[in-house]
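A quick write-up on the structure given underneath.
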Amino acid sequence: ALVNDIMDQKIDKISNPQRSLITGRLIPADYWRGAVIMTVISLGAARYVNYTFLILILAYIIVTFFYSCPPLRLRQIVGISNFIIGLAALICFLAGFAIFAPQQSFLDFPLTLIFITVILVTAVSIVKDLKDIEGDAANQIQTIPSLLKRRFPVATVYRLIGILIAASFLVVPLVFY
């Protein structure tokens with residue numbers, strides 16, 4: 001989150017002006033220091049849990065880095081950015097599995113739960129993009145809400161996304177059960 005906040009400063013000036021980095025309470029160097037310290041602590045602590053957990057935490061850090069940072073900055077790619085958030089959530093689920101079932105293989109993890117997690121979190125992450133709609137548009141970041149806003153009034157965009165989220169919660173049980 002700290003690295004993402006550094007990368008999203010232009011967007012946050014419009015969408016999240018109360019953030020510490022935007023108000024000047026903290027400077028980017030503080031955020032970078034915090035990110036490095038938390039990453040080192042996370043990886044060090046993860047190693048004491050088990051090796052699988054460590055690998056998953058490292059995978060999470062890498063995925064979220066590529067989401068936020070150039071040269072990939074996957075946050076800029078419509079749909080992919082939401083899928084990356086779903087993938088990050090799945091990694092967290094699997095990390096929990098690695099803690100509570102360390103002797104079990106990931107092949108024992110329910111495939112249905114993998115799909116449900118990724119699909120629902122991907123759909124719900126679109127809601128997160130709503131709060132940044134103005135900042136994203138001003139900075140040429142294309143998200144599903146910003147693309148819809150080009151064709152429809154903002155109120156209609158909210159309704160369409162609400163229908164999408166509701167549909168995802170209704171469709172998942174029909175598909176997987």
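Values reported hereafter were calculated over all heavy atoms of this structure, with side chains retained and with hydrogens, waters and symmetry mates removed.
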Checklist outcome for this item: Residue pairs passing the salt bridge (Lys or Arg N to Asp or Glu O under 4.0 Å) test with at least one member in residues 154-166, sequence neighbours excluded, are none
Item to check | Same apolar cluster: M38 and Y31, side chain cutoff 4.5 Å | outcome: yes
Item to check | C69 and V3, any side-chain heavy atoms less than 4.5 Å apart | outcome: yes
Checklist entry - Does any non-hydrogen side-chain atom of L43 lie less than 4.5 Å from one of L54? => result yes
Next on the checklist: If you define the side chain from C-beta out and look only at heavy atoms, does anything of R75 sit under 4.5 Å from D8?
Outcome noted: yes
Checklist entry - Is it true that F97 and L111 fall in one hydrophobic cluster, defined by side-chain heavy atoms closer than 4.5 Å? => result yes
Checklist entry - Are I141 and I77 joined in one hydrophobic group, where the rule is that I, L, V, M, F, W and Y side chains link up if heavy atoms are under 4.5 Å apart? => result no
Item to check | Greater than 12 external heavy atoms within 6.0 Å of F152's CZ | outcome: yes
Checklist entry - Do I14 and L21 sit in the same hydrophobic cluster, where Ile, Leu, Val, Met, Phe, Trp and Tyr count as joined when their side-chain heavy atoms come under 4.5 Å apart? => result no
Checklist entry - If two hydrophobic side chains count as joined below 4.5 Å and joins carry through other members, does F100 share a cluster with Y51? => result yes
Item to check | Residues D5, D12; criterion side chain to side chain contact (heavy atoms under 4.5 Å, CB included); working and verdict | outcome: CA-CA 8 Å; D5 285 353; D12 288 343; 4.1 Å; yes
Next on the checklist: Is it the case that the side chain of D129 and the backbone of I144 share a donor-acceptor pair, with hydrogens and angles ignored and the cut-off at 3.5 Å?
Outcome noted: no
Checklist outcome for this item: Heavy-atom closest pair (N4 atom, S68 atom, distance to 0.1 Å) is OD1-OG, 2.9 Å
Item to check | Nearest atoms (heavy-atom pairs only) where S81 meets L74 | outcome: CB-O, 3.5 Å
Next on the checklist: I'd like to know whether CZ of F109 has more than 12 heavy-atom contacts from other residues, nucleotides or ligands below 6.0 angstrom.
Outcome noted: yes
Next on the checklist: My understanding is that only one of V121, T143, T122 makes a side-chain contact (heavy atoms from CB on, under 4.5 Å) with N82; could you say which?
Outcome noted: T122
Item to check | Heavy-atom donor-acceptor pair, D30 side chain to I27 backbone, under 3.5 Å | outcome: yes
Next on the checklist: Is the shortest side-chain heavy-atom distance between K149 and D136 below 4.5 Å?
Outcome noted: no
Next on the checklist: Less than 4.5 Å apart, side chain to side chain, heavy atoms only: is that true for L72 and Y67?
Outcome noted: no
Item to check | From Q9 atom CD to I22 atom CD1, the distance as rounded to the nearest 0.5 Å | outcome: 5.0 Å
Item to check | For S15, side chain to side chain donor-acceptor pair (under 3.5 Å) partners two or more places apart | outcome: none
Checklist outcome for this item: dist F53:CZ -> I55:CD1 (nearest 0.5 Å) comes out at 12.0 Å
Checklist entry - Heavy atoms, side chains only, cut-off 4.5 Å: are F83 and V118 in contact? => result yes
Checklist entry - For V63, which of I85, L58, I84 qualifies under side-chain contact (heavy atoms from CB on, under 4.5 Å)? => result I84
Checklist outcome for this item: Sorted by chain and residue number, the side chain to side chain donor-acceptor pair (under 3.5 Å) partners of K10 (sequence neighbours excluded) come out as none
Next on the checklist: Measuring from atom CG of L160 to atom CZ of R151, what distance do you get when rounded to the nearest 0.5 angstrom?
Outcome noted: 11.0 Å
Item to check | L147 side chain reached by V78 side chain, heavy atoms, under 4.5 Å | outcome: yes
